[in-house]
**Q** 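Encoded as structure tokens, here's the structure I'll be asking about.
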Amino acid sequence: MARISVLDDEVSLDEPTLVEGFPGIGLVGKIATDHLIEAHDMVHYANVHCDGLPRVAVYQESETSLTTPVRLYADPERDLVALRSDVPVNPGAATEVAGCLDTWFAETDAFPVFLSGLGREKDESPPDLYGVATGNGGDALSRAEVDEPPESGLVSGPTGAMLAESLERGRDAVGLVVESDPQFPDPEAARVLILDGIDPIAGTETPTEGLVDQATEIRDAKRAFAKRMQEATEESSQAEPLKMFQ
């Protein structure tokens with residue numbers, strides 16, 4: 001049965017900003033949300049039980065308790081919630097997962113910030129960041145001064161399914177699309193997501209020096225995960241130019 005199992009009833013949230021981190025191109029969403037959780041010392045708030053998610057159990061270093069592969073972490077002082085996923089989501093299950101999470105969005109009046117990478121070969125210039133929106137989410141993009149997309153495109157994978165769910169329901173939400181390495185984990189692109197997108201929208205200040213100083217370590221740690229994602233590209237949240245399909 002689809003549900004969000006809250007672990008700490010004492011955590012109080014007031015119209016929180018929800019940052020989604022399903023794995024995708026460059027692992028930018030996962031790297032960004034993992035960093036947010038660590039930088040703000042966010043607490044394990046809830047386990048996500050959605051039809052379609054892989055039936056696996058996850059354990060952590062130096063801990064005996066098992067958890068679900070998809071979890072929510074909260075920072076009540078900042079009204080910030082981060083979705084951490086340790087598994088890719090099968091494309092056939094993306095719609096079910098999106099519907100499951102949408103119920104929680106409605107119950108908490110959360111404002112979702114969805115993250116996606118747009119594959120681009122790396123060069124000397126910093127990656128560009130673009131924003132899309134549903135409902136009145138465009139107001140948040142304007143306040144954060146996030147640029148509009150320079151070309152037509154689409155967002156696929158679980159992130160695309162959740163954006164489609166928000167569009168269908170008229171829910172206020174934004175999608176942040178950052179240019180990222182199409183083959184390897186990209187901490188630099190994740191840093192741009194946080195500094196130029198997430199922080200201005202959520203009203204937070206997140207130290208990101210670690211993403212730069214530990215870029216090599218992060219890439220090595222995430223490389224095996226990225227390889228799994230490349231072997232299952234349909235399960236990867238990503239943005240793609242629409243002209244590829246025309």
**Q** Report the distance from atom CG of Leu53 to atom SG of Cys100, rounding to the nearest 0.5 Å.
**A**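 Reported to 0.5 Å precision, the distance equals 7.0 Å.
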**Q** Answer with yes or no whether the side chains of Thr33 and Glu20 bring together a donor and an acceptor at under 3.5 Å.
**A** no
**Q** For residues Glu15 and Phe111, determine if any side-chain heavy atom of one lies less than 4.5 Å from a side-chain heavy atom of the other.
**A**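 Answer no - side chains too far apart.
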**Q** Checking side-chain hydrogen bond (donor to acceptor under 3.5 Å, both in side chains) between Arg171 and each of Asp102, Thr134, Asn136, which is the one that passes?
**A** Asp102
**Q** Regarding Thr208 and Arg191, do their side chains bring together a donor and an acceptor under 3.5 Å, going by distance alone?
**A**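 The answer is yes; a qualifying pair exists.
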**Q** To check you understand the geometry: which heavy-atom pair defines the closest contact between Ser166 and Phe114, and what is its length?
**A** OG-CE1, 3.8 Å
**Q** With heavy-atom distances below 4.5 Å as the criterion, would you say the side chains of Val70 and Leu101 are in contact?
**A** no
**Q** Find the distance between CD1 (Ile37) and CG (Asp75) and round it off to the nearest 0.5 Å.
**A** 11.0 Å
**Q** For Gly26, does its backbone N or O pair with a side-chain atom of Asp181 as donor and acceptor, under 3.5 Å?
**A** no
**Q** Is it possible for you to say whether Val146 and Val132 belong to one hydrophobic cluster, with membership spreading through side-chain heavy-atom contacts below 4.5 Å?
**A**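 Val146 does not cluster with Val132.
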**Q** Going only through I, L, V, M, F, W and Y residues with side-chain contacts under 4.5 Å, is there a path from Val81 to Val6?
**A**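 In one cluster with Val81: Val6, yes.
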**Q** Counting distance only, does the side-chain N/O of Glu179 pair as donor-acceptor with the main-chain N or O of Asp128 below 3.5 Å?
**A**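 Looks like yes, one N/O pair under 3.5 Å.
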**Q** Side-chain contact test, heavy atoms from C-beta onward, threshold under 4.5 Å: evaluate it for Ile201 versus Leu176 and give yes or no.
**A** yes
**Q** Determine whether Ser85 and Pro69 make a side-chain contact, defined as any pair of heavy atoms from C-beta on separated by less than 4.5 Å.
**A**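 With C-beta onward as the side chain, the pair stays apart.
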**Q** Step through the shown structure and confirm whether more than 12 heavy atoms of other residues, nucleotides or ligands are within 6.0 Å of CD on Glu205.
**A**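 Check fails, neighbour count at 12 or below.
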**Q** Out of the candidates Thr159, Ile198, Val178, only one should pair with Leu115 under the side-chain contact (heavy atoms from CB on, under 4.5 Å) rule; please name it.
**A** Ile198
**Q** Applying side chain to side chain contact (heavy atoms under 4.5 Å, CB included), run through Thr67 and Tyr59 and close with a yes or a no.
**A** CA-CA 6 Å; Thr67 65; Tyr59 59 88; over 6 Å; no
**Q** Determine whether Val19 and Leu36 make a side-chain contact, defined as any pair of heavy atoms from C-beta on separated by less than 4.5 Å.
**A**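 Yes; the side chains approach each other to less than 4.5 Å.
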**Q** So, taking the atom named OG1 in Thr68 and the one named CZ in Arg84, what distance separates them when rounded to the nearest 0.5 Å?
**A** 11.5 Å
**Q** What's the shortest heavy-atom distance between Thr108 and Pro16, and which atoms?
**A** O-CD, 3.5 Å
**Q** Once you round to the nearest 0.5 Å, how far does CG of Asp139 lie from CG of Asp172?
**A**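 If I round to the nearest 0.5 Å, the distance is 8.0 Å.
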**Q** Any ion pair linking Asp86 and Lys30 (charged N to carboxylate O, less than 4.0 Å)?
**A**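 Looking at Asp86 together with Lys30, the answer is yes, because their closest N to O distance falls below 4.0 Å.
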**Q** Please tell me whether Val43 and Leu18 are part of a single hydrophobic cluster in this structure, the criterion being side-chain heavy atoms less than 4.5 Å apart.
**A**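 Val43 and Leu18: one cluster.
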**Q** If the threshold is 4.0 Å, N to carboxylate O, is there a salt bridge linking Arg120 and Glu188?
**A**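 Looking at Arg120 and Glu188, the cut-off is not met.
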**Q** Taking all atoms of both residues into account, what is the closest heavy-atom pair of Val48 and Leu72, and its distance?
**A**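 Closest approach of Val48 to Leu72, heavy atoms only: CG2-CG, 4.0 Å.
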**Q** Could you grab the distance from atom CG of Asp51 to atom CZ of Arg3, nearest 0.5 Å is fine?
**A**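 If I round to the nearest 0.5 Å, the distance is 10.5 Å.
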**Q** Tell me every residue that passes ring pair (Phe, Tyr, Trp, His ring centres under 6.0 Å) with Tyr73, counting only those two or more places apart in sequence or in another chain.
**A**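 Tyr73: ring pair (Phe, Tyr, Trp, His ring centres under 6.0 Å) contacts with His44.
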**Q** Under 4.5 Å between side-chain heavy atoms, hopping through other hydrophobics if needed: is there a path connecting Leu167 to Leu154?
**A**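 Different clusters.
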**Q** Could you check Leu7 against Tyr45 for side chain to side chain contact (heavy atoms under 4.5 Å, CB included), going step by step and ending with a plain yes or no?
**A** CA-CA 6 Å; Leu7 304 177; Tyr45 168 66; over 6 Å; no
**Q** Is there a path of hydrophobic side-chain contacts, each under 4.5 Å between heavy atoms, that joins Val174 and Leu195?
**A**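 Different hydrophobic clusters.
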**Q** Specify the closest pair of heavy atoms between Leu80 and His40, including all atoms of both residues, with the distance to one decimal.
**A**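 Smallest interatomic distance, heavy atoms only, reads CD2-CD2, 4.1 Å.
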**Q** About how many Å separate NE2 of His49 and CZ of Arg55, when rounded to the nearest 0.5 Å?
**A**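 So the CZ of Arg55 and the NE2 of His49 are separated by 8.5 Å.
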**Q** Go through the steps to decide whether Leu129 and Val177 satisfy the test side chain to side chain contact (heavy atoms under 4.5 Å, CB included), and finish with yes or no.
**A** CA-CA 6 Å; Leu129 176 71; Val177 179; 5.9 Å; no
**Q** In terms of side-chain heavy atoms, does Ser5 have a donor or acceptor partner in Asn47 at a distance below 3.5 Å?
**A** no
**Q** Look only at the side chain of His35 and the backbone of Pro187, and say whether a donor-acceptor pair between them is shorter than 3.5 Å.
**A** no
**Q** Looking at Asp14, is its backbone amide N or carbonyl O close enough to the side chain of Asp79 to form a donor-acceptor pair, meaning the two atoms are under 3.5 Å apart?
**A**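 Here the side-chain-to-backbone pair exists.
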**Q** Please report the shortest heavy-atom distance between Leu193 and Gly29, naming the atom on each side.
**A**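 Scanning both residues completely, I find the closest heavy atoms to be CD1-N, 4.5 Å.
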**Q** For Ser180 and Ala189, indicate whether the former's side chain and the latter's backbone hold a donor-acceptor pair under 3.5 Å.
**A**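 Checking the backbone N and O of Ala189 against the side chain of Ser180, no donor-acceptor pair under 3.5 Å is found.
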**Q** Work out which heavy atom in Gly131 is nearest to a heavy atom in Leu141; give both atom names and the distance.
**A** C-CD1, 3.6 Å
